[in-house]
Amino acid sequence: MHRDSPKSPFYDPSETPQQRLANALRRSINRINHFRPTSSFSTNALDSEIIPNEGEYLMQYAVGTPPVQVFGIADTGSDLTWLQCRPCTKCYKQTSPIFDPANVRYGDGSISGGDLALDTVTLGSTASFPKTVIGCGHDNSGIFGAKGSGIVGLGSSPLSLVSQLGTSIAGKFSYCLIPFDKPNAQSKLNFGTNAVVSGPGAVTTPLATNQNDVYYTLTLEAISVGPTKITSTSAKAAGGNIIIDSGTTLTLLPSDLYTGFEAALKAQIKLKVVKDPNQTFSLCFDSPESTFKVPTIIAHFTGGADVTLSAINTFIGDETMSCMAFIPAGDSIAIFGNLAQADQLVGYDIVKKTVSFKPTDCTKA
């Protein structure tokens, strides 16, 4: 008896056919991950280059046999890894050649319409992972930079690259995001035992994430601006109150924190408030970025994980104004974005269900 049969004890009449198919896919991926053998190479030798690019970070990897180098957006807020593929029904502009599945020898000899396939993903120069689920996109649109191709899904669900690598990386990965004002620098995204974040200055907070969640959810208990501490009224809610996302640039603060946070900044920064002509930012000051001074801002995560944020984490500016890189989440999900994570070594331990932060000069990491 199929588990989705109306006669099955597991049958859920509220699910749509699409939801049942998605659940079946997750179960399949879990089985693949379960049977995947432990890799023969050391888990402390895995890494990939990441570079800042127009508000996002591109991760280098290779796909296919022979391997073809690809740069995709390193995204802890997505699960599926996908890239643009030929033939293109609709592809956004890409500077590097678009991946052509016809030039690749697939292990199982087939691909389902070029949409979703099992293929070999290579990290670094030697670490190859056969039968990795990857998407081949023929109809792509959105706000994507021309230097990258698609997304590297580093999220929490069974479909993500992190989950598929499984025991090969000991459930650990870390990254150090270089500030966007250093576009020619690059850093590493580490997998395995060399992804442990520890030592002086390191702080750790528990994840509030369920097994099948795409997102890594944290609990932001409070945020401080100088001597003023604004406490969240929703922080103790089950499931946390903010996700950490390497694929989103700005930080979207929970509504119960944002109002007090903005008020504290206005009170402590004695400058004229001006409107953002592009209507992107909620709070801007009449001061060029080069001379703008920011009070000490600390994000207080549960477990005593206090993360001190500098000017590069909290404000974006030009020669005329400086704008806060935090906006209210409103009815949307709250997000701790990649600007707030710059020059922090950020480590994820999926087994222990923790995220760690350590102040780091990422150009030297």
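Fair warning: this is a prediction, and the values are worked out from it, not measured in the lab.
- Atom OG of Ser149 sits about 7.0 Å away from atom CH2 of Trp82, to the nearest 0.5 Å.
- Side-chain atoms of Asp256 and Thr233 include a donor-acceptor pair closer than 3.5 Å.
- Contact record, Gly240 with Thr219: CA-OG1, 3.5 Å, taken as the closest heavy-atom pair.
- A side-chain N or O of Asp79 and one of Ser157 form a donor-acceptor pair less than 3.5 Å apart.
- Looking at Tyr348 and Tyr175, their side chains do bring a donor and an acceptor atom within 3.5 Å of each other.
- With 3.5 Å as the limit, one finds a donor-acceptor pair spanning the side chains of Gln94 and Ser96.
- Interatomic distance, Gln344 CD to Leu309 CG, rounded to the nearest 0.5 Å: 7.0 Å.
- Here the two rings, on Phe336 and Phe301, have centers that are under 6.0 Å apart.
- In this structure, the side chain of Asn338 does not engage the main chain of Gln341 through any donor-acceptor pair within 3.5 Å.
- Inspection of the Ser356 and Thr204 side chains reveals an N or O donor paired with an N or O acceptor under 3.5 Å.
- Taken to the nearest 0.5 Å, the CG atom of Leu58 stands 11.5 Å off from the CG atom of Asp75.
- Linking ILVMFWY side-chain heavy atoms closer than 4.5 Å, directly or via other members, places Leu189 and Ile178 in two distinct hydrophobic clusters.
- Aromatic pair Tyr61/Phe71: ring centres not closer than 6.0 Å.
- Atoms CZ and CG, from Phe191 and Leu46 in turn, are 7.0 Å apart once rounded to the nearest 0.5 Å.
- The distance from the OG1 atom of Thr65 to the CG atom of Asp119 is 6.0 Å, given to the nearest 0.5 Å.
- A donor and an acceptor atom, one from each side chain of Thr363 and Asp361, are located under 3.5 Å apart.
- Heavy atoms only, all atoms of each residue included: Ala170 and Val351 are closest at O-CG2, 4.0 Å.
- Hydrophobic cluster membership is shared by Val346 and Tyr57, with clusters built from Ile, Leu, Val, Met, Phe, Trp and Tyr side chains linked at under 4.5 angstrom.
- If you run side-chain contact (heavy atoms from CB on, under 4.5 Å) between Phe357 and each of Leu345, Val307, Val197, only Val307 comes through.
- Disulfide criterion (SG-SG under 2.5 Å) for Cys85 and Cys88: not met.
- Pairing each heavy atom of Ser224 with each of Lys229, the nearest pair is OG-CG, 3.4 Å.
- Checking Thr122 against Ser128 by side-chain atom types alone, a donor-acceptor pair falls below 3.5 Å.
- No donor-acceptor contact under 3.5 angstrom links the side chains of Glu221 and Ser232, judged on distance only.
- Interatomic distance, Ser332 OG to Ile327 CD1, rounded to the nearest 0.5 Å: 8.5 Å.
- Between Phe315 and Phe292, the distance from one ring center to the other falls under 6.0 angstrom.
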